[in-house]
A.B. asks: 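Following this message is one structure expressed as structure tokens.
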Amino acid sequence: MSITRVSVIGASGRMGSEVCRAVDAADDLELVGCFDVDDDLGDLGGADVVVEFSVPDASATNVAHCLDQGVHVVVGTTGWSESKLAELGTRLEQHPEVGVLIAPNFAIGAVLMMAFAQKAAEFYESVEIIELHHPDKVDAPSGTAARTAELIGAARDRAGLAAVQDATTSDPDGARGARAHGIPVHSVRLRGLVAHQEVLFGQTGEMLTIRHDSFDRVSFMPGVLAAVRKVGDHPGLTVGLEHYLGIA
Ligand code: NAD
């Protein structure tokens, strides 16, 4: 059995420490480096793959360092704007052998929730997203909500549906919450929550709710480990774990 050497950036954080435990427990993976904010990333501990769960402001710099070292990267940090993604794509052209996966949610159920929402989007005029997280989450709307909205928007475009009319008319100033890709997103921050999302589809006389709940950060680990094992087979930039799981 070949062993993949893995380092973690953001290793002291909630997600990073969970990833360290999961990598340590896997027979085919070896944890070779744990890095956090004040550490010199250097040669990344000789890793084959880095897992990056830090903060939105630092993630792009950390990923760039991994590329310069020729190391594949699995990124869970959210807050990747279109411009940051474009910059990363340009940088990757100089490292065509390196794979980078950026996934806003590594829970398999959340990936399915997004896929189901994308499918349902073709059939409903009206849609809104409610995302619910722990109070220490720094960004809102969540990366998962932004990605779900992007997928729904693309599905609506393909189906020839107009912009979300109900929300536009009842909330012309966006006072009821933010919008991502034209879809209204409501963000709840509450003690006791981990990571939850509902996508509500409505039309006259009926409503469909698609909901996913992560009750514990261990829910993200099967997806993270699957990504670590597959990222080397996918050179270039991939956004969304669904592309590795055959769900896209
Ligand atoms: P956290 O605050 O618990 O951990 C972040 C860690 O990053 C901290 O230990 C911090 O010291 C460290 N850090 C800060 N600056 C750094 C730098 N320059 N270099 C290296 N490390 C640095 O946060 P968290 O709950 O673990 O979440 C981390 C990120 O992952 C957030 O963006 C969050 O939204 C995202 N997240 C993604 C998923 C997913 O499935 N993709 C799931 C949960 C959280």
Side-chain angles (χ1 to χ4, degrees), residues 7-23 33-42 44-45 47 50-69 71 73-81 84-85 100-115 131-148 150-151 180 185 187-197 212-228 230-231 237-245 247:
S7 285
V8 178
I9 299 179
S12 306
R14 286 174 288 255
M15 288 298 290
S17 52
E18 199 66 56
V19 173
C20 291
R21 275 191 287 278
V23 168
C34 294
F35 300 91
D36 208 89
V37 62
D38 290 326
D39 298 326
D40 177 7
L41 297 179
L44 297 162
V50 161
V51 180
E52 210 275 353
F53 275 98
S54 65
V55 291
D57 284 350
S59 190
T61 308
N62 289 336
V63 173
H65 185 89
C66 296
L67 297 194
D68 291 342
Q69 296 291 316
V71 175
V73 204
V74 171
V75 185
T77 310
T78 47
W80 282 82
S81 61
K84 278 188 191 173
L85 286 174
V100 178
L101 171 71
I102 299 181
N105 203 316
F106 282 96
I108 308 289
V111 176
L112 288 168
M113 174 262 295
M114 287 187 265
E131 57 97 341
L132 312 91
H133 284 84
H134 59 88
D136 297 323
K137 184 168 180 56
V138 291
D139 52 340
S142 70
T144 302
R147 175 75 176 151
T148 309
E150 184 183 359
L151 294 171
V185 181
S187 298
V188 177
R189 298 291 176 263
L190 208 66
R191 285 186 200 175
L193 297 176
V194 177
H196 316 258
Q197 180 165 293
H212 176 261
D213 297 276
S214 278
F215 299 114
D216 190 298
R217 288 180 181 82
V218 295
S219 65
F220 301 110
M221 294 307 118
V224 171
L225 297 192
V228 166
K230 290 176 186 226
V231 65
L237 176 61
T238 305
V239 178
L241 183 62
E242 62 272 21
H243 299 287
Y244 283 19
L245 301 180
I247 294 171

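Since the structure is predicted, the reported quantities are computational estimates derived from the model, not experimental observations. Positions are given from 1 along the sequence. Order of appearance sets the numbers: ligands from 1, and atoms from 1 within every ligand.
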A.B. asks: Checking the N or O distance criterion of under 3.5 Å, is ligand 1 in contact with Thr77?
C.D. replies: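 No, there is no polar N/O contact under 3.5 Å.
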
A.B. asks: Taking all atoms of both residues into account, what is the closest heavy-atom pair of Leu190 and Pro135, and its distance?
C.D. replies: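 Of all heavy-atom pairs spanning Leu190 and Pro135, the closest is O-CD, 3.4 Å.
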
A.B. asks: Do ligand 1 and His134 have nitrogen or oxygen atoms that lie under 3.5 Å from each other?
C.D. replies: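 There is no such contact.
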
A.B. asks: Polar-atom distance check: Gly13 versus ligand 1, any N or O pair below 3.5 Å?
C.D. replies: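 By distance alone, the answer is yes.
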
A.B. asks: Filter on side-chain hydrogen bond (donor to acceptor under 3.5 Å, both in side chains), then keep only pairs touching residues 216-226, sequence neighbours left out; what's left?
C.D. replies: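 Listed by first then second residue: Ser214-Ser219.
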
A.B. asks: Enumerate the atoms of ligand 1 whose separation from the nearest heavy atom of Met15 is less than 4.0 angstrom.
C.D. replies: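 Those atoms are 26 (O), 42 (C), 43 (C), 44 (C).
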
A.B. asks: State if Pro104 counts as touching ligand 1 under the rule of any non-hydrogen atom under 4.0 Å.
C.D. replies: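 Contact present.
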
A.B. asks: Closer than 4.0 angstrom: is that true for some heavy atom of Phe220 and an atom of ligand 1?
C.D. replies: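 Right, Phe220 reaches ligand 1.
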
A.B. asks: Where on Ala103 is there a heavy atom closer than 4.0 Å to ligand 1, on the side chain, on the backbone, on both, or on neither?
C.D. replies: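 For Ala103, only backbone atoms sit under 4.0 Å from ligand 1.
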
A.B. asks: Less than 4.0 Å between a side-chain N and a carboxylate O, is that true for Arg147 and Glu242?
C.D. replies: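 Salt bridge flag = yes for Arg147 with Glu242.
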
A.B. asks: With heavy-atom distances below 4.5 Å as the criterion, would you say the side chains of Phe106 and Val74 are in contact?
C.D. replies: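 Yes, at least one pair of side-chain atoms sits under 4.5 Å.
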
A.B. asks: Does Gly76 reach ligand 1 with a nitrogen or oxygen that is under 3.5 Å from one of the ligand's nitrogen or oxygen atoms?
C.D. replies: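 It does: an N or O of Gly76 is found under 3.5 Å from an N or O of ligand 1.
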
A.B. asks: Does any N or O of ligand 1 fall below 3.5 Å from an N or O anywhere on Arg217, backbone included?
C.D. replies: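 Min N/O separation from ligand 1 is not below 3.5 Å for Arg217.
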
A.B. asks: Would you indicate which of Gly10, Ala11, Ser54 comes nearest to atom 31 (C) of ligand 1 when only heavy atoms are counted?
C.D. replies: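 Shortest heavy-atom distance from atom 31 (C) of ligand 1: Ser54.
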
